[in-house]
Number of protein chains: 2
Amino acid sequence: MDQRLPAAARPALTGSARAVFRRLVEEGPSTRPQIGQSLGLSRPTMSAAIAELEKPGLVEMIGAVQGPLGRSAAQYRVGQGAGHVMAVDAGSTHVSLRVSTLDRRLLDARVYRLPVSQISINDQVSRAVAQQVAAALAATQPDWGPLRALGIAVPTRVVGPGGDVVASRQEVVFSAFTPPPGVDVVLENNVNCAAVAERHYGAARGEANFAYVQVGVKIGMGLMLGDQLIRGRNGAAGEIGHLSFPFAPGLQPRPGEAEQYLGTEAFLARVRADWPADAGTAPADTAELLALAGAGHALALQHVARHADDIGATVASCVSVVDPGLVVLGGGLGASPLLLPGVRETVNRLSYAAEIRSTLLGADATVLGIERLAIETALPRVIGQEA
Amino acid sequence: MDQRLPAAARPALTGSARAVFRRLVEEGPSTRPQIGQSLGLSRPTMSAAIAELEKPGLVEMIGAVQGPLGRSAAQYRVGQGAGHVMAVDAGSTHVSLRVSTLDRRLLDARVYRLPVSQISINDQVSRAVAQQVAAALAATQPDWGPLRALGIAVPTRVVGPGGDVVASRQEVVFSAFTPPPGVDVVLENNVNCAAVAERHYGAARGEANFAYVQVGVKIGMGLMLGDQLIRGRNGAAGEIGHLSFPFAPGLQPRPGEAEQYLGTEAFLARVRADWPADAGTAPADTAELLALAGAGHALALQHVARHADDIGATVASCVSVVDPGLVVLGGGLGASPLLLPGVRETVNRLSYAAEIRSTLLGADATVLGIERLAIETALPRVIGQEA
DNA sequence: TTTATTAGTTAAGCAGCCTAACACATAAGG
DNA sequence: CCTTATGTGTTAGGCTGCTTAACTAATAAA
């Protein structure tokens, strides 16, 4: 440890105490021997670390676990002093909120359904966020400890410090909402959040490299490489709606045309245009189309297959650039098992070997991901390594 | 340090000694005060570290540097005991080789021009590698110390352990060449090597995120994100010749078609097809075409501009996937200043803000990059942290 | 020759881990 | 019920790798 720096305001824990706390955050309640063994710490060091963490209430004993033989082992978990985080998914149809401890014990959850689906983030969404956060803050219990971080998932690019904040529209979420003072605010793109959630709890659990591709009203990707979320210089990594399209000899690509072409609106328009007058009314939305296809409707199946090909070509381009080895499909269309085989076939025909899976988390992915990111932001603060 | 592990065969240096050695490898000769200051080490610790490193000859004093006042400071550099590395670029027209110390003092350099340009890596190239390496080994001086690593840059995908080695053709370089026993061999794709070199010594010096795009006979990309070279599950990251192409409504993409279309051969074929009979003979290669364009030849300029657009669209797709913020162009065509403005314009029209620069290293990039990678492989070995 | 300044060494101490040995708690077996 | 085996937690002591403080060494300028 660097002993030249002045002691931080926070306790300045030893390395082993930090490791123990981190392990309790990540793995949940554990006994002392379990922690010691998994971190390679001796029993005296474990004693010291636990004592150090118990004083400020960062951990607390929650019981004893009896093995087949011998003395029972004390079990610990993250304590009240560690505080809690709040995670908000500021979506276009719902605003959902989770309050939880750093080891993800749910303290409060709220969902607000927006009266009409918003095209993109706006005042209305911001007001709903303000309302839900206020309600959650009002419901705060003393035994939750301090609020350590507030994470907000937004459907815009999120640029880091020094980036062009205005162009990204990321500030719109704050147009009618002021975060509580003194709390770390974590802003992240909703697709990136979903990728984080799939990495930790979903179809990509434990995978260091994969791409999460969301196929719905719009198309987007969250990229995880070397266990790092790839955001890009302008927060635009994964904005695959901007892939060059059309891209062929003699054709001029147009900016954002891929998004336009692959989005549900244009897709449905193509379906409608192709729908014979004598085949009943064309599907009004993708859910209807998928239902028809699922029931064996030949024309619906054909359109779904065509779209799977288009998505497959898109994913193949991504695979060619970063070769993630694994692609998780999510979003309204992407989650459908009807799309999966076509995408799989096309990707592996056009590009290098990549496993293609469907999301395991569905619409919950985003809020779970921003919760994870809020926790990861809070953790170094709590154990006093802000650098 | 983990004291439970048995002492390694290697000296088992202290953390500070390792840091000092690393710093001498990376920054070249320095005085004790310089090193101590930049690493934040006290003078007693510096004394201990230097003493520790001098014993096995890992560092050596090379003189004293006099400041404006006070006692002169001892200057050190990496010593003989640290040994040296050998770097080979197994290219299609040349095999070039560099032997250097870990702090990049050149000990030997060889270039072998292949009798005919090889389409891809083959026996002939492998024999040339064997020959050059043998010559360099024969010329080894005792004061070079031990050979720590042998790096080879190859024009194929390079897959990690567990990957499909056969499909990547990476083993072809060993068809007629057996590396000296007991030496670490580092295999890396040549475009990735060039990216590494641009990162350390070229147009992307000090940049943690950028893409190096090589435009020549073939097209390829080396990707550096968060200061990590992105290789991909199958070593296929950056294989942008496999971007979906053609990619447009109603068209079927074909695997590898982008490479085919963007490569010099097809490009020149298009130029020739369009060349009027009364305009003299069409350019035989891209160098001729570039020369004509450079001299103001309207038709040549038009073709170069068209190709710049195509390359721009390709780069824009990459930017949409990873948003690197910086793209360095290299390769026979990519290095040309005639291409740069067109690429720049197209990329920024289609995608997010990205700076576009030309290579500063040209054809040397590959061998400098593989040298760097060999050094990075050797370093942890030498200071005994193989994990 | 003295003085100021910078470089390097010696001495002493502390943080953070370890091992060894002992005290404590619990299940199983006479 | 008491002993034995086994695993848990604490106490004592030690080692490593750094620190600061104070000293010695070397050099330019006065």
Side-chain angles (χ1 to χ4, degrees), chain A residues 1-8 10-23 29-55 59-76 383-385, chain B residues 1-8 10-23 29-55 59-76 383-385:
Chain A
M1 285 190 47
D2 198 337
Q3 302 179 10
R4 283 159 310 132
L5 292 179
R10 271 266 136 201
L13 301 168
T14 61
S16 53
R18 277 198 270 262
V20 168
F21 185 77
R22 185 161 243 133
R23 146 94 210 208
S30 320
T31 66
R32 266 156 82 132
Q34 281 168 355
I35 302 169
Q37 196 134 35
S38 90
L39 297 178
L41 295 174
S42 68
R43 282 175 294 169
T45 303
M46 276 303 301
S47 274
I50 293 282
E52 212 176 330
L53 292 166
E54 272 186 321
K55 189 148 30 169
V59 309
E60 59 194 21
M61 209 187 43
I62 53 170
V65 173
Q66 182 59 60
L69 212 61
R71 179 173 171 176
S72 57
Q75 192 177 39
Y76 293 83
I383 59 182
Q385 21 180 46
Chain B
M1 286 190 49
D2 199 335
Q3 304 180 8
R4 283 160 311 134
L5 291 178
R10 270 266 134 201
L13 301 169
T14 61
S16 53
R18 276 198 271 262
V20 168
F21 186 76
R22 188 161 239 130
R23 146 93 209 209
S30 320
T31 66
R32 265 153 83 132
Q34 281 167 357
I35 301 169
Q37 195 134 35
S38 91
L39 297 178
L41 295 174
S42 67
R43 281 176 294 169
T45 303
M46 276 302 302
S47 274
I50 293 282
E52 213 175 331
L53 291 167
E54 273 187 320
K55 188 146 33 170
V59 308
E60 59 193 23
M61 208 185 45
I62 53 171
V65 173
Q66 182 60 57
L69 212 63
R71 180 171 169 177
S72 57
Q75 191 176 41
Y76 293 84
I383 59 181
Q385 17 179 51

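Computed from a predicted model, the values in this text were never measured in an experiment. Here is the naming used below: chain letters follow the sequence lines, and residue numbers restart at 1 for every chain.
The distance from atom CD of Gln75(B) to atom P of dA7(C) is 13 Å, rounded to the nearest whole Å. As rounded to whole Å, 11 Å separates atom P of dG8(C) from atom CD of Glu54(B). To the nearest angstrom, C1' of dG16(C) lies 10 Å from CD of Glu52(A). dT19(D) atom P lies 13 Å from atom CD of Gln37(B), rounded to whole Å. One atom, CD of Gln34(A), and another, P of dG7(D), lie 15 Å apart when rounded to the nearest Å. Taking atom CD of Gln66(A) as the reference point, atom C1' of dT8(D) lies 10 Å away to the nearest angstrom. Protein atom CE of Met46(B) is 11 Å distant from nucleotide atom P of dT19(D), rounded to whole Å. Counting to the nearest Å, the C1' atom of dT19(D) and the CG atom of Leu41(B) are 11 Å from each other.
Note on Ala48(A): nothing from the nucleic acid sits closer than 4.0 angstrom, heavy atoms only. Residue contacts shown for Pro44(B) include a base, since a base heavy atom lies under 4.0 Å away. Residue-level contact check: Thr45(B) touches the bases, meaning some heavy atom is under 4.0 Å from a base atom. Using a 4.0 Å heavy-atom criterion, one finds that Ser72(B) contacts the sugar-phosphate atoms exclusively. Residue contacts for Thr31(A): at a heavy-atom cut-off of 4.0 Å it reaches no nucleic acid atom on any strand shown.
Within the 4.0 Å cut-off from OP1 or OP2 of dC18(D), at least one side-chain nitrogen or oxygen of Ser16(B) is found. In terms of phosphate contacts, Thr14(B) brings a side-chain nitrogen or oxygen within less than 4.0 Å of OP1 or OP2 of dC18(D). Residue Ser42(A) places no side-chain N or O under 4.0 Å from the OP1 or OP2 atom of dC17(C). At the phosphate of dG17(D), neither OP1 nor OP2 sits under 4.0 Å from any side-chain N or O atom of Arg18(B).
When all heavy atoms are compared, the tightest approach of Ala12(B) to Glu52(B) is O-OE2, 4.4 Å. For the pair Ile35(B) and Arg23(B), the tightest heavy-atom approach, listed with the atom from each and the gap, is CG2-CG, 3.9 Å. The minimum heavy-atom distance between Tyr76(B) and Val59(B), with the atom names listed, is CD2-CG2, 4.2 Å.
In summary, the side chains of Ser30(A) and Gln75(A) do not present any donor paired with an acceptor at a separation below 3.5 Å, with no hydrogens or angles considered.
The residue among Leu69(A) and Ser47(A) whose nearest nucleotide of DNA chain D lies closer to the 5′ end is Leu69(A).
For dA7(C), the base has a donor-acceptor partner in the side chain of Arg71(B) [N/O atoms by modelled type, under 3.5 angstrom]. The base of dA7(C) sits within donor-acceptor range of the side chain of Arg43(B), with an N or O pair under 3.5 Å.
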Fill in: Verdict with reasoning, Ser16(B) to Met46(B), per side chain to side chain contact (heavy atoms under 4.5 Å, CB included)
CA-CA 8 Å; Ser16(B) 53; Met46(B) 276 302 302; over 6 Å; no
